[in-house]
Number of protein chains: 2
Amino acid sequence: MTNIHDIARLSGYSVSTVSRVLNHHNYVSAETRQAIEQVVKKLDYAPNAVARDLSRGKTFNVGVVLPHADHPYFTQLVQGIMRAAFAANYHVVLLPSKWDAQLEQKYLETLRQHAYDALIFTSHGLPLATLAKYQRYGRIVICENPHDSGLPATYAERVATYRTAFAHLKKLGHTHIGVLNSRDLAASATTQATVAAYEDVFQAPLPAKYCYTGVNTLTDGQTAGGYFVARFPEVTAVMTNGDDIALGFRRAYLAAQRPLPYLIGQEHQPSGEALKLPTIDHHFDLVGVRAFQLAIGETATNVAIPSEFLLN
Amino acid sequence: MTNIHDIARLSGYSVSTVSRVLNHHNYVSAETRQAIEQVVKKLDYAPNAVARDLSRGKTFNVGVVLPHADHPYFTQLVQGIMRAAFAANYHVVLLPSKWDAQLEQKYLETLRQHAYDALIFTSHGLPLATLAKYQRYGRIVICENPHDSGLPATYAERVATYRTAFAHLKKLGHTHIGVLNSRDLAASATTQATVAAYEDVFQAPLPAKYCYTGVNTLTDGQTAGGYFVARFPEVTAVMTNGDDIALGFRRAYLAAQRPLPYLIGQEHQPSGEALKLPTIDHHFDLVGVRAFQLAIGETATNVAIPSEFLLN
DNA sequence: GTGAAAGCGCTAACAG
DNA sequence: CTGTTAGCGCTTTCAC
């Protein structure tokens, strides 16, 4: 492995001068530069990125913690993060978590070890308070309402849009409504937002049995559909947590040859359009862009991105 | 910033002993270990990951070059890569390229600078010969047939399945068939595979006007649909390069109130199921897994993953 | 303009 | 079982 000292020795100049021409720093005489560049080329030399990072005390890496990569929430978010990171010459490292607290803790530790300049949690299993503690080791951004955690955050402004959606259902005369979510009420801010919006609109608690969680994929949606079709014929509308998921949900009703409930999707996916489902577009790519900006920026301002309810 | 020397000094032991404790290496007496761990805890010390990488001459990072993140080919591939990388304790760094040769060159240079242990090209703008040259700086894996480039590769075995699909169209009596692809015939191995399969089955060249390229998104599909609906009423079937894209294509015909051609999708997406479209599942996640294994493995064996034609 | 030297923080061969 | 020491390869301050 050839290094900067070799270049220095062979060119007859010092390492610092070599470093300067490598980094286009300060003034270096034209001939010195040429001589050095010649040796660089001859030895096929390339500076070592890790050594550089070490010396500079900065990696230009941001870690993105994500539960799984196959949900549109995450792909859209990652997309936005990548776009912004690219523009700022940062690199994006994907950190799969499955909401596993131990894993998340491990990622926090790697931040502490300066493997990344910042960490973005697209979602999290660990309590916010725990994340907050690690802020002293590097910037940590979350993608949900930070409440009083003090963490920098961007997130889709969900409640208002959920209200619009539920109001739509109410206007259509639906009174028994199912709700599908990814995680338990206790664990998930999104689930909480959905339920809160429901209760705002209907001025009544959402029956627990209508609040079905653990749904992440199309297949999960189908399972959920099986649950509802077998148990709750009175449910005439369902707020699903994804167009693809709504598609799965629908499958179960088709299989059972029962009339379809009125379905609302989310994420504005092609499958939703195909079925002409009303949906919610949360503009997660934008959330991603802002999340990244918070990750490297100085400002700690929180940003809520408005989402929209769409009748396909 | 507290470092390993501080720990050594304060604990009264040497850096190497501290290092051993930190890495659970060799034998260290229980009391020594305890004493050191105490100091570590007291100073809230964490070893620096970059320094460690430098010292070890290895980063455990693999870079994944991808044209864009919003196509199922790439999301599925990345998914597989992540799964395998996670299992092997590697990190995945996403490198957006848009098939830009200069950018790709830059990524090759970063490999040369030892920023990554390996690079996976999910697709590429640069000629394979150029990629091949950089192999001396680290492992480079491609996700298409390597032909005589000598590059390690995994890829979906497309031609056979495309043949099956075209044979299906032939059996249905279609004679004028459109084909949608992402990139030019000259640039893309996938496009070449599609055309080759067509010609195998129909024993005739695919008319150039029926070979439409530049299609990556649903919206592109719609544009393509507009092109075909306005120009080629004789086309009764179209081989699209994605279920979502087929959906976009379909839009144009619906808007024009013209009878829909028979559409074949790809990637086995929910939208395809919603429309009951025949589709091709290339099992890209598996391709991703194997690509990663090639990236860190010793074997240079190429692996073709069979794909399947599905009648939804 | 250029160079010497002190870091950056850790690992591992070697010696005891 | 523990310590010494020589790297890993680059950046940057401070002199001249």
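Reminder, nothing fancy here: chain letters follow the sequence lines and each chain counts from 1.
Residue A:N48 places none of its side-chain N or O atoms closer than 4.0 Å to OP1 or OP2 of D:dC8. B:S16 has no side-chain polar atom (N or O) that falls below the 4.0 Å cut-off from OP1 or OP2 of D:dT2. Look at A:R56 and you won't find any side-chain N or O under 4.0 angstrom from OP1 or OP2 of D:dC10. A sub-4.0 Å separation between OP1 or OP2 of D:dC10 and a side-chain N or O of A:Y45 is present. Side-chain nitrogen and oxygen atoms of A:S14 include at least one within less than 4.0 Å of the OP1 or OP2 phosphate oxygen of C:dG3. One finds no side-chain N or O of B:S55 lying less than 4.0 angstrom from the OP1 or OP2 phosphate oxygen of C:dA12.
The A:T17 side chain lies nearest to C:dG3 when the options are D:dT11, C:dG3, C:dT11. Checking D:dT11, D:dT2, C:dT11 against every side-chain atom of B:R20, the shortest atom distance belongs to D:dT2. Closest approach to the B:L54 side chain among D:dC8, C:dC10, D:dT2 is made by D:dC8 (side chain taken as heavy atoms from C-beta onward).
In this structure, the side chain of A:H282 does not engage the main chain of A:F284 through any donor-acceptor pair within 3.5 Å. A:S307 places a side-chain N or O within 3.5 Å of a backbone atom of A:E157 that can act as its donor or acceptor partner. Not a single donor-acceptor pair under 3.5 Å links the side chain of B:R83 to the backbone N or O of B:G288.
Distance CD1 (A:I4) to P (C:dG3): 12 Å, rounded to an integer number of Å. Rounded to whole angstrom, the span from the NZ atom of A:K58 across to the C1' atom of D:dC10 amounts to 17 Å. Distance B:L22 CG to C:dC10 P: 8 Å, rounded to the nearest Å. Remark: P of C:dG3 and CD1 of A:I36 are 8 Å apart, rounded to the nearest angstrom. Taking atom NE2 of A:H5 as the reference point, atom P of C:dG3 lies 13 Å away to the nearest angstrom. In this entry the distance linking CG of B:N3 with P of C:dG7 reads 12 Å, nearest Å. Protein atom CD1 of B:I7 is 16 Å distant from nucleotide atom C1' of C:dT11, rounded to whole Å. The separation between B:H25 atom NE2 and C:dC14 atom P is 16 Å, rounded to whole Å.
In this model, no donor atom of one side chain and acceptor atom of the other lie less than 3.5 Å apart for A:S97 and A:D100. No hydrogens or angles considered: nothing links the side chains of B:D53 and B:T59 as a donor-acceptor pair under 3.5 Å. Defined by atom type and a distance below 3.5 Å, a donor-acceptor pair is present between the side-chain atoms of A:Y134 and A:E109. Looking at B:H124 and B:E144, their side chains do bring a donor and an acceptor atom within 3.5 Å of each other.
A heavy-atom distance below 4.5 Å is found between the side chains of B:D44 and A:Y137.
Within the nucleic acid shown, A:V15 comes within 4.0 Å of at least one base atom, counting heavy atoms only. Contacts of B:D53 with the nucleic acid, taken as non-hydrogen atoms under 4.0 Å apart, are absent.
One cannot find a donor-acceptor pair under 3.5 Å joining the base of C:dG1 and the side-chain atoms of A:R33. At a cut-off of 3.5 angstrom, the base of C:dG1 holds no donor-acceptor pair with the side chain of A:S29.
Along DNA chain D, the nucleotide nearest to B:T32 and the one nearest to B:A51 differ in position, and the one closer to the 5' end is contacted by B:T32.
If one axis is set at each end of the helix from C:dG1-D:dC16 to C:dG16-D:dC1 from five pairs, those axes are 30° apart, to 10°.
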